[in-house]
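One structure is given below, encoded as structure tokens.
Since the structure is predicted, the reported quantities are computational estimates derived from the model, not experimental observations. In this chain, numbering begins with 1 at the start of the sequence shown.
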Amino acid sequence: MGKRRRVEERRGRSKRRPAVAGGMIAVVVGGAGFGVYALYGGGAAADEGSAAANGKQVPRVRTDPPSAAEAKALAATFLTAWQQGRVVQAAAATDDSTAASALLTGYTKDAHVTGVTLTAGKATGTKVPFSVKGTVKYKDVSKPLTYESALTVVRNPKNGKAQVDWHASVVHPDLLDGDRLVTGESGTPPVKAVDRDGGELTTAKYPSLAPVLDGLREKYGKKAGGKAGVELQAVRGKAAKAKKASDKTLLELSKGTPGTVRTTLNPTLQAAAEQQVSKTARSSVVVLRPSTGEILAVANASRGFNTAFNGSLAPGSTMKVITSSLLIEKDLASADKVHPCPKTFTYGGWKFHNDDDFQITGGTFKASFARSCNTAFISQAPELDNDSLTKQAQQVFGLSMDNWAIGVPSFDGRVPVQSAAQMAASLIGQGGVRMNPLNMASVAATVKAGTFHQPYLVAPSVDQRTLATASRAMSSGTLSQLRELMNYTAAAGTAAEAMSGLGPDYGAKTGSAEVDNQDKPNGWFTAYRGDLAAAGVVQAGGHGGDTAGPIVADLLRLGG
């Protein structure tokens, strides 16, 4: 199509000028039973379609983003159909009509929502907010339902149509994909959760505790002696349960009688933790008592998901606490002995770097730990088995066995067996290693206490559950050196600024974990002081000493 093709006029026929359409010149040549188009001046018009092999014009699929006008019109179509109970038409306006139809049908049938009024707000680009008003009726009880939601209009890449980008959160913002809305006798009585001093724990006072309170009700509602009421609930589907999300009460039509569940939370520390994370976006923190494992505080800046207990994030250099215990046990490192810290080290085909490619010449392992030298750890990978770190995490620190029973759902860390470069990366908290603040607070607590105590939020005596244990403890020599490493880091290393004034009975480790498609790393900090241990993370925050460090240190200062 790039070359011009001369088309001869037949003798005896009048000459015609080529037609000009959309900046394109087309000369039409007639023939017996077919038409041939010679195009001049560029490719086929994008808006008009393309010619198929059989000569027929095939409409092109639009790929441009939906306009504001399209978004407004489609939102009106969808919301009107939903409000009028025309589920098929409403679902057809989405890019997943099957899922939309199921949830919208259940909105009336299972959730018993009637008299729905949907009012669109002012659109921002292709995002259209809307308000929902209705009534939930179940048997002889009813209650008004009001909330705000939003939808986003996208261009379907398959057919070019503007459609609602379907997610369960369109129907209600507290729904995750795969969840259902159900109204009825809750089955699980409500609970009144209290702190260690007997004070009631509410989301009004402690916003971070919303998922914790949901988990306590799910676990102890039937055991605490309460009586169920009638509620509208978000019943979690497979995807949400995989994230260990609990069912959530959205509207209480009639009150049940709550049973009481006592937790280990310290009201002073909990309030302080809430205040700390409110200052820093995407931050999470946990405080423990090392001698017992009691959870004293848990807080998250983001309210919808309990990252502190259920997060699964690469812990970066805070993992070097576990790795150091392994290297010391295997006589591959010693706190005061000279240890290599080159600028780079290559293993398994990967070239590993230190921050800004620094190196320490003739320095001790303690110096490398305090400055968080990556190559000091990577350089020992050739001396380790693929499962060495996994066994150390499981046998000494009680991690990565999926057997913690803290009283609410939690993720217990993941240290998979890996090989080559991935195994080396796991030594510095990257690769396949995944942790959360609860796990890393437990690591610091294990170092302080000398042995692993599984963290818990509800005493095991409440329901006679068995807490997880570690199969062995570190030797006294290894433990002494590990404490020396963390103490030196808190006094003179990367954690010194945050931990200033908290010594001498203290220890800490900082960490930064690189994340794909994220400009800044996740900042980590784990530390202990006296009979307190804490860990925090600030996602996309930067270096742990500057971000999570002050959060953790302030809580240790308050508790000490």
Side-chain angles (χ1 to χ4, degrees), residues 1 21-24 42-111 113 116-132 147-181 234 236-240 242-243 304 516-518:
M1 191 160 62
M24 184 180 300
D47 290 339
E48 297 299 329
S50 59
N54 60 8
K56 294 182 178 180
Q57 200 74 0
V58 179
R60 287 187 180 273
V61 175
R62 290 185 63 176
T63 58
D64 58 309
S67 66
E70 281 181 291
K72 183 177 180 181
L74 185 67
T77 297
F78 171 75
L79 295 174
T80 299
W82 176 8
Q83 178 174 305
Q84 294 177 352
R86 295 184 287 116
V87 171
V88 174
Q89 289 84 349
T94 74
D95 59 5
D96 190 345
S97 60
T98 301
S101 180
L103 192 54
L104 291 173
T105 298
Y107 195 76
T108 301
K109 183 179 178 181
D110 301 324
V113 183
V116 179
T117 300
L118 306 170
T119 306
K122 185 177 180 181
T124 303
T126 58
K127 184 175 182 179
V128 182
F130 61 92
S131 62
V132 181
Y147 59 91
E148 302 294 323
S149 191
L151 60 85
T152 302
V153 176
V154 296
R155 181 80 65 199
N156 190 317
K158 294 181 180 179
N159 56 31
K161 293 181 179 179
Q163 295 179 317
V164 174
D165 183 21
W166 183 255
H167 291 284
S169 58
V170 171
V171 170
H172 195 290
D174 284 320
L175 292 178
L176 302 174
D177 288 345
D179 292 354
R180 298 182 299 123
L181 286 173
R236 302 305 183 187
K238 290 183 179 179
K243 295 180 180 180
D516 290 342
N517 303 316
Q518 191 170 285

Give the minimum heavy-atom separation between Thr152 and Lys127, together with the two atoms involved. OG1-CG, 4.0 Å

Does Val171 form a side chain to side chain contact (heavy atoms under 4.5 Å, CB included) with Leu181? I'd like the steps, not just the answer. CA-CA 9 Å; Val171 170; Leu181 286 173; 3.9 Å; yes

What are the two closest non-hydrogen atoms of Gly125 and Ala71, and how far apart are they? O-CB, 4.1 Å

Closest contact, heavy atoms only, Phe78 versus Ala93: CB-CB, 4.2 Å

Nearest 0.5 Å, what's the NZ-CG distance between Lys161 and Leu74? 11.0 Å

If the plane angle is over 60° it's perpendicular, under 30° parallel, otherwise tilted; pick one for His172 and Tyr147. tilted

Return the CD to OG1 distance between Glu70 and Thr126, rounded to the nearest 0.5 Å. 10.5 Å

Phe130 and Leu151: which non-hydrogen atoms are nearest, and at how many Å? CE2-N, 3.9 Å

Does atom CZ (Arg180) have a neighbourhood of more than 12 heavy atoms from anything else shown, all under 6.0 Å? no

So, the side chain of Arg155 versus the backbone of Gly160: is there a donor-acceptor pair under 3.5 Å, distance only? yes

When you measure from the side chain of Ser131 to the backbone of Leu118, do you find a donor-acceptor pair of N or O atoms at a distance under 3.5 Å? no

For Val128 against Ala120, the heavy-atom pair lying closest together: CG1-CB, 4.2 Å

With side chain to side chain contact (heavy atoms under 4.5 Å, CB included) as the criterion, how do Arg236 and Asp179 come out once you've worked through the C-alpha distance, each side chain's angles and the decisive distance to 0.1 Å? CA-CA 5 Å; Arg236 302 305 183 187; Asp179 292 354; 2.7 Å; yes

Testing the basics here: between Val170 and Ser149, what is the closest heavy-atom pair and its distance to 0.1 Å? O-OG, 2.8 Å

Main chain of Ala91, side chain of Thr94: is a donor-acceptor contact present, judged purely on distance under 3.5 Å? yes

Please check: side-chain N/O of Gln84 versus main-chain N/O of Ala81, any donor-acceptor pairing under 3.5 Å? no

Would Thr108 and Val113 count as a side chain to side chain contact (heavy atoms under 4.5 Å, CB included) here? Give the steps. CA-CA 5 Å; Thr108 301; Val113 183; 5.9 Å; no

Working to the nearest 0.5 Å, report the span between OG of Ser101 and CD of Gln89. 10.0 Å

Side chain to side chain contact (heavy atoms under 4.5 Å, CB included) between Tyr107 and Val116: does it pass, once the steps are laid out? CA-CA 10 Å; Tyr107 195 76; Val116 179; 3.8 Å; yes

Among Asp96, Asn156, Asp95, whose side-chain hydrogen bond (donor to acceptor under 3.5 Å, both in side chains) with Gln163 holds? Asn156

Under the 3.5 angstrom rule, does the side chain of Thr77 hit a backbone N or O of Ala73 as a donor-acceptor pair? yes

Mind checking the OG-CG spacing from Ser169 to Asp174? Nearest 0.5 Å is all I need. 10.0 Å

